[in-house]
Amino acid sequence: MAGRYWLMKVEPTAYTIADLERDGVTGWEGVRNYKARNYLRDEIGPGDGVLFYQSNADPSGVAGLAEVVKGGYPDPTQFEKGHHYHDPQSARDAPRWYTVDVRFVERFRDVVSLAAIKENPKLRGMMVTRRGMRLSVQPVDTPHFDEVVRMARAT
DNA sequence: GCCAACGTTGGC
DNA sequence: GCCAACGTTGGC
């Protein structure tokens, strides 16, 4: 199956596109929402494209691109006692939470802001523009992905 | 910092 | 299994 596209959110106080550029590859840990978990576990695979979205930021928006290099596997932090993401209700033989590995691809010179995304009629209907949309892993339509990249390059 | 929207929890 | 209370997200 052809690669698919996703938007993944993170707060810059936790992790930024600059951190990913430094690290090269990182595990997208700490997702604790079932819908997002299902995407991570069942649908996201190597080669998929990722819009790296920074939320609660100034401005919030897409800061760059990443690529999935490893599909869904159990998020190790759920088993680490004392870890912020530790989940005592998750069993090793039946992990509740999943993660994927992503690789740095590109850091946009300027963030494609949520405001700019909302203003672009070509991006109408994109999930992230929906009010109250808190899902931290979202599918993105190919034309929407391409348009965001185009916006990042058109300065 | 406010608060609307949404997800999860827990009493019944 | 309903639904109110509570906690979290995240734009503004």
Side-chain angles (χ1 to χ4, degrees), chain A residues 4-21 23 26-44 48-66 68 71-102 104-141 143-152 154-155:
Chain A
R4 299 177 64 185
Y5 296 102
W6 308 91
L7 178 147
M8 297 193 192
K9 288 184 195 172
V10 68
E11 302 206 9
T13 51
Y15 202 76
T16 66
I17 190 72
D19 293 330
L20 183 59
E21 183 169 24
D23 294 342
T26 194
W28 204 267
E29 296 167 341
V31 174
R32 294 295 181 267
N33 169 281
Y34 286 103
K35 202 172 287 183
R37 186 282 307 272
N38 292 344
Y39 287 134
L40 292 170
R41 186 187 59 190
D42 305 331
E43 303 203 39
I44 303 181
D48 286 4
V50 175
L51 298 176
F52 188 106
Y53 183 92
Q54 295 180 175
S55 59
N56 260 327
D58 186 23
S60 291
V62 179
L65 302 177
V68 177
Y73 64 96
D75 182 341
T77 63
Q78 70 194 308
F79 302 122
E80 290 175 27
K81 281 208 176 64
H83 195 286
H84 180 64
Y85 294 132
H86 178 234
D87 181 352
Q89 301 198 68
S90 182
R92 283 195 180 271
D93 55 358
R96 182 181 282 186
W97 306 114
Y98 281 71
T99 185
V100 299
D101 287 350
V102 302
F104 173 81
V105 172
E106 179 177 341
R107 177 181 181 176
F108 293 159
R109 193 177 332 153
D110 297 302
V111 169
V112 177
S113 70
L114 179 61
I117 288 171
K118 285 181 170 173
E119 279 172 13
N120 186 337
K122 289 182 181 163
L123 298 179
R124 197 163 293 156
M126 195 171 166
M127 272 179 104
V128 75
T129 63
R130 290 227 313 263
R131 180 186 166 79
M133 172 45 65
R134 307 188 313 186
L135 192 59
S136 64
V137 176
Q138 307 174 3
V140 174
D141 293 341
H144 290 167
F145 185 94
D146 292 343
E147 178 63 13
V148 170
V149 172
R150 194 199 60 75
M151 288 169 79
T155 314

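As the structure is a computational prediction, the values presented were derived from the model and not from experiment.
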Quick tally for nucleotides 5-11 of chain C: nucleotides whose base has a protein heavy atom under 4.0 Å get B, sugar-phosphate-only ones S, the rest -, giving --BBBBB
Suppose we screen for salt bridge (charged side-chain N to carboxylate O under 4.0 Å, His left out). Which residues come up paired with Glu11(A), at least two apart in sequence or across chains?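 Once residues adjacent in sequence are excluded, Glu11(A) has no partner under the salt bridge (charged side-chain N to carboxylate O under 4.0 Å, His left out) criterion.
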Could you tell me which residues satisfy salt bridge (charged side-chain N to carboxylate O under 4.0 Å, His left out) with Arg96(A), sequence neighbours excluded, listed by chain and number?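 Checked Arg96(A) against salt bridge (charged side-chain N to carboxylate O under 4.0 Å, His left out); matches are Asp87(A).
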N/O donor-acceptor pairs under 3.5 Å from side chains in residues 124-132 of chain A, not counting sequence neighbours:
| residue | atom | partner | partner atom | Å |
| --- | --- | --- | --- | --- |
| Thr129(A) | OG1 | Met126(A) | O | 2.5 |

Among Tyr98(A), Phe52(A), Tyr39(A), whose ring-ring contact (aromatic ring centres under 6.0 Å, His included) with Trp28(A) holds?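 Of all the options given, the one that passes is Phe52(A).
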Starting at atom CZ of Arg131(A), determine the distance to atom P of dC3(B), rounded to an integer number of angstrom.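 About 13 Å, once rounded to whole Å.
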On DNA chain B, nearest-nucleotide positions of Arg96(A) versus Gly132(A): which is more 5'?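 Whichever sits nearer the 5' end wins; that is Gly132(A).
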For Asp23(A), which residues count as a side-chain hydrogen bond (donor to acceptor under 3.5 Å, both in side chains) partner, sequence neighbours excluded?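 For Asp23(A) the side-chain hydrogen bond (donor to acceptor under 3.5 Å, both in side chains) partners, ignoring immediate neighbours, are Tyr15(A).
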Which donor-acceptor pairs under 3.5 Å do the side chains of residues 112-120 of chain A make with protein atoms, sequence neighbours left out?
| residue | atom | partner | partner atom | Å |
| --- | --- | --- | --- | --- |
| Ser113(A) | OG | Ala116(A) | N | 3.0 |
| Asn120(A) | OD1 | Lys122(A) | N | 2.8 |
| Asn120(A) | ND2 | Glu147(A) | OE2 | 2.7 |

Partners passing side-chain contact (heavy atoms from CB on, under 4.5 Å) against Arg32(A) (at least two apart in sequence or in another chain):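 Asp75(A), Thr77(A), Gln78(A), Tyr85(A), Trp97(A).
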Considering residues at least two apart in sequence or located in another chain, which fulfil the side-chain contact (heavy atoms from CB on, under 4.5 Å) criterion with Ala66(A)?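 Result, side-chain contact (heavy atoms from CB on, under 4.5 Å) vs Ala66(A): Leu20(A), Val50(A), Val102(A).
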Those residues of residues 75-94 of chain A lying under 4.0 Å from DNA chain C by at least one heavy atom: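 The stretch gives none, as no residue of it lies under 4.0 Å from the strand.
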